[in-house]
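Below: one structure, written as structure tokens.
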Protein chains: 2
Amino acid sequence: MSNTPIPTRERLIEAAGKLFYGEGIRAVSMDAVADKAGVTKRTLYYHFRSKDDLIAAYLETRDQPNLALFRRWFAETEGGLAEKVVGIFRHLAQSARHPKWKGCGFLRTSVELVNLPGHPAMKAARAHKQRAEQWFAEVFEEAGIARELSQQLARQVVLLMDGAFAVVLLHRDASYMEAAGDAAARLVRDTEQRQLG
Amino acid sequence: MSNTPIPTRERLIEAAGKLFYGEGIRAVSMDAVADKAGVTKRTLYYHFRSKDDLIAAYLETRDQPNLALFRRWFAETEGGLAEKVVGIFRHLAQSARHPKWKGCGFLRTSVELVNLPGHPAMKAARAHKQRAEQWFAEVFEEAGIARELSQQLARQVVLLMDGAFAVVLLHRDASYMEAAGDAAARLVRDTEQRQLG
DNA sequence: TGATGTATACCGACCAGTGAATATACTCAA
DNA sequence: TTGAGTATATTCACTGGTCGGTATACATCA
């Protein structure tokens with residue numbers, strides 16, 4: 001029976017992620033991250049060149065799991081295209097009801113780094129949002145919607161989702177997420193109509 | 001000929017506002033605000049009990065002018081209800097193209113204060129967003145849309161707008177604001193349809 | 001023995017907030 | 001009208017604490 005082989009670097013990113021997501025990157029010190037990981041600050045700086053490096057690593061680990069959830073929620077929801085999109089928003093609303101939920105880590109980090117557009121974490125955030133938009137576009141196209149309409153619709157659905165992330169966080173009221181889901185469904189149906197007509 | 005009688009307090013809020021909006025509240029020190037205002041830090045603390053006080057004052061001064069712009073843009077745009085809503089988004093897109101534009105100060109501040117829900121600045125941000133939503137709802141109702149549908153539509157338009165604030169800031173691409181305007185117009189027309197049907 | 005990883009202890013910069021003294025402007029009695 | 005007294009407004013210099021990051025030495029293992 002071998003020891004649990006959790007690589008140190010992963011553990012550090014995980015500890016940092018919890019703190020960064022929970023309190024915001026500027027509100028969390030490297031000392032706090034080291035404490036949380038049960039490690040000296042010097043060790044932290046052995047594995048990451050700087051705080052900025054650690055922030056970037058934190059966001060990069062969040063990209064894939066996030067999109068995987070969308071895929072699963074979409075697949076699991078019964079019904080037509082609009083219903084399946086609503087399913088994603090319903091699951092997001094459910095997540096948002098958890099007290100530890102603090103919105104979208106990508107969006108919040110990008111707000112904190114607003115004047116550093118070249119920061120690797122900003123690039124990670126942009127890439128993530130673009131991947132989400134592209135995934136929606138592909139889904140719509142596979143459902144028979146023309147490419148151009150699919151891309152437009154995907155962009156608008158993502159806008160609704162990000163708006164809901166911000167507003168739900170502000171008001172601490174997950175029902176805004178369901179209002180966003182309803183709006184997304186209306187846009188999907190409107191696009192389907194346009195496709196037929 | 002009297003001297004220009006600009007009250008000190010106002011000047012301090014203005015200087016603070018420029019820095020807070022431009023760089024974020026956590027990134028700006030009280031020393032920086034004092035310097036910007038051409039005043040000693042001690043003077044700053046004579047007029048404001050704490051940095052939190054100053055942050056709250058900054059947001060409170062931004063509430064009314066912001067809504068006034070919406071009213072003007074809406075009134076100035078020719079066309080039906082959907083077109084007039086699109087007019088607001090077009091003006092927002094135009095603003096967003098200015099290099100000093102940094103999204104919505106209310107939303108960005110609320111992200112930086114995510115763990116202080118009782119902070120006066122958070123209350124100001126919530127109040128502002130609610131007033132915007134309510135204004136849209138009144139406009140829709142005056143245009144003949146039923147109260148319940150108006151409230152739902154207003155909420156969804158605000159979601160699109162806030163999503164666009166976040167996404168335009170992330171990608172530094174104002175065309176997302178126009179995509180949001182298009183989505184809003186589609187929702188307006190869909191609601192009008194539903195009203196007639 | 002040399003590469004990898006961790007610990008102790010520290011640094012200079014910055015930051016929110018303050019103590020004590022001073023300057024300015026207003027009030028009111030002589 | 002003037003001068004003393006008072007409230008307002010501002011300055012200089014400072015503090016205790018935190019922050020990102022580091023110099024150095026010690027441990028472990030191939």
Side-chain angles (χ1 to χ4, degrees), chain A residues 1-59 109 112-116 118-122, chain B residues 1-59 109 112-116 118-122:
Chain A
M1 216 185 304
S2 67
N3 275 344
T4 48
I6 310 173
T8 307
R9 190 185 155 91
E10 304 287 318
R11 275 186 27 242
L12 297 180
I13 294 178
E14 197 189 317
K18 279 183 192 165
L19 290 173
F20 286 156
Y21 177 76
E23 306 175 30
I25 57 173
R26 289 200 122 105
V28 171
S29 70
M30 289 298 265
D31 295 78
V33 172
D35 279 3
K36 180 89 168 181
V39 140
T40 315
K41 193 162 56 159
R42 196 66 188 80
T43 300
L44 198 51
Y45 274 95
Y46 176 79
H47 291 276
F48 300 92
R49 191 177 315 175
S50 66
K51 186 179 183 181
D52 288 331
D53 256 33
L54 183 57
I55 293 166
Y58 144 61
L59 279 195
T109 301
E112 295 202 67
L113 300 176
V114 66
N115 275 338
L116 300 171
H119 193 292
M122 285 291 270
Chain B
M1 217 183 301
S2 66
N3 275 344
T4 49
I6 310 173
T8 306
R9 191 185 155 92
E10 304 286 319
R11 274 185 29 242
L12 297 180
I13 294 178
E14 198 188 316
K18 279 183 192 165
L19 290 174
F20 285 156
Y21 178 74
E23 306 175 28
I25 57 173
R26 289 200 120 105
V28 171
S29 70
M30 289 297 267
D31 294 78
V33 173
D35 280 3
K36 179 89 168 182
V39 140
T40 315
K41 192 164 53 159
R42 199 66 185 79
T43 301
L44 200 49
Y45 276 95
Y46 176 79
H47 291 278
F48 300 92
R49 191 176 315 181
S50 66
K51 185 179 182 181
D52 288 330
D53 256 35
L54 183 57
I55 293 167
Y58 145 60
L59 280 195
T109 302
E112 295 201 67
L113 300 176
V114 66
N115 275 337
L116 300 171
H119 194 293
M122 284 291 271

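In what follows, chains carry the letters A, B, and so on, assigned in the order in which the sequence lines appear, proteins first and then strands, with residues in each chain numbered from 1.
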**Q.** Heavy-atom protein contacts under 4.0 Å, nucleotides 14-30 of chain D, coded B base, S sugar-phosphate only, - none
**A.** -----SBBBBB------
Q | Distance in angstrom units between A:Asp35 CG and C:dA7 P, rounded | A | 11 Å
Q) Hey, does the side chain of A:Asn115 reach the backbone of B:Gly22 with a donor-acceptor pair shorter than 3.5 angstrom? A) yes
Q | Phosphate OP1/OP2 of D:dT8 contacted by B:Thr43 side-chain N/O (<4.0 Å) | A | no
Q: Take the protein atom OH of A:Tyr46 and the nucleotide atom P of C:dT8, then report the distance between them rounded to whole Å.
A: 18 Å
Q: Please check if the side chain of A:Ser29 supplies one atom and the backbone of A:Ala32 the other of a donor-acceptor pair under 3.5 Å.
A: yes
Q: Tell me which nucleotide among C:dA7, D:dT10, C:dT6 gets nearest to the side chain of B:His47.
A: D:dT10
Q: Mind calculating the distance between CG (B:Leu44) and C1' (C:dC15) to the nearest angstrom?
A: 13 Å
Q.
Donor-acceptor check, side chain of B:Lys36 to backbone of B:Glu14, threshold 3.5 angstrom: yes or no?
A. no
Q: Determine which pairs satisfy ring pair (Phe, Tyr, Trp, His ring centres under 6.0 Å) with at least one residue from residues 17-43 of chain A, sequence neighbours left out, and list them in order.
A: A:Phe20-A:Tyr58
(Q) If we ignore hydrogens and angles and just use 3.5 Å, is the side chain of B:Ser50 paired with the main-chain N or O of B:Asp53 as donor and acceptor? (A) yes
**Q.** Check: A:Ala27 main-chain N/O paired with B:Arg26 side-chain donor or acceptor under 3.5 Å
**A.** no
